[in-house]
Amino acid sequence: MALRILHWLGLAACIALVISCFLPWAHYTDPSIPSEAERTFTGFFSYQNYYGRPAKLLIALTAVIFVFMLLPKVWAKRTNLFLAALLLAYAITNYIRFGSCYNNLCPDRLVGLYLLLGSSVVILLAAMFPKMEGFKV
């Protein structure tokens, strides 16, 4: 019963991670950034592309993980565990990159960054305990 719930939570976390890439991640109060709208960074936008576009890789990994969660094959579950660990590591990297201070300016971490981190942890938990009918260890 708990594995079935964790399976559905993992699928919902994949969708939440994709949504988090479009939400604001951090707001910088840097006076060298001219426009107020350019001070809020997302997964697809950072001022003059300083931090790149990490949401492209996050969404690609999440799409593959989502498909592998639906496949009832052992190889898919094992590959999914590796990809989920890679996704969590990349999410932690982005949390550090977008949330760190520079030049005595600390950004405000916003909801998208926390949703990214939380959903990637849930995805890893769902990948660690896959739902397999008739599968015995």
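Positions are given from 1 along the sequence.
Two residues are said to be in side-chain contact when any heavy atoms from C-beta on lie closer than 4.5 Å; Met69 and Ile123 meet this criterion. Looking at Pro130 and Asn80, their side chains never come closer than 4.5 Å, going by heavy atoms from C-beta outward. With a 4.5 Å cut-off on side-chain heavy atoms, Thr29 and His27 count as touching. You'll find the side chain of Phe129 stays beyond 4.5 Å of the side chain of Leu81, heavy atoms only.
Among residues at least two apart or in separate chains, ring pair (Phe, Tyr, Trp, His ring centres under 6.0 Å) pairs with a member in residues 100-126 are Tyr28-Tyr102.
By the rule that hydrophobic residues join a cluster once side-chain heavy atoms approach within less than 4.5 Å of another member, Val18 and Val67 end up as members of separate clusters. Tracing side-chain contacts under 4.5 Å through hydrophobic residues (I, L, V, M, F, W, Y), one never reaches Phe98 starting from Leu105; they form parts of separate clusters. Residues Phe66 and Phe82 share a hydrophobic cluster, clusters being chains of Ile/Leu/Val/Met/Phe/Trp/Tyr side chains in contact below 4.5 Å. A continuous path of ILVMFWY side-chain contacts below 4.5 Å connects Leu61 to Tyr51, so both sit in one hydrophobic cluster. Linking Ile, Leu, Val, Met, Phe, Trp and Tyr residues whenever their side-chain heavy atoms come within less than 4.5 Å leaves Leu113 and Phe44 in two separate clusters.
To the nearest 0.5 Å, atoms CZ (Arg53) and CZ (Phe45) are separated by 9.0 Å. Taking OG1 of Thr42 as the reference point, atom CG of Leu23 lies at 9.0 Å (rounded to 0.5 Å). How far CD1 of Ile15 is from OG of Ser20: 12.5 Å, rounded to the nearest 0.5 Å.
Here Val64 pairs with Phe68, Leu83 under the side chain to side chain contact (heavy atoms under 4.5 Å, CB included) rule; sequence neighbours left out. Leu58 is linked by a side chain to side chain contact (heavy atoms under 4.5 Å, CB included) to Leu17, Cys21, Trp25, Leu87, Tyr90, Asn94, Leu116, counting only residues two or more places apart in sequence or in another chain. Shown here are the side chain to side chain contact (heavy atoms under 4.5 Å, CB included) partners of Leu88, two or more places apart in sequence or in another chain: Ile92, Ser120, Val121, Leu124. Taking Ser100 as the reference, Ile96 meet the side chain to side chain contact (heavy atoms under 4.5 Å, CB included) condition, with sequence neighbours excluded. Legend: residues meeting salt bridge (Lys or Arg N to Asp or Glu O under 4.0 Å) with Arg39, ordered by chain and number and at least two apart, are Glu36.
With hydrogens and angles disregarded, a donor-acceptor distance shorter than 3.5 Å links the side chain of Asp30 to the backbone of Ser32. Side-chain atoms of Lys77 do not come within 3.5 Å of backbone N or O of Pro72 as any donor-acceptor pair.
Pro24 approaches Thr40 most closely through the heavy-atom pair CB-CG2, 3.5 Å. Taking each heavy atom of Cys14 and Ile65 in turn, the nearest pair found is SG-CG2, 4.1 Å. The nearest pair of heavy atoms linking Ala84 to Ala127 is CB-CB, 3.8 Å.
Ring centroids of Phe41 and Tyr47 are separated by 6.0 Å or more, keeping the two rings apart.
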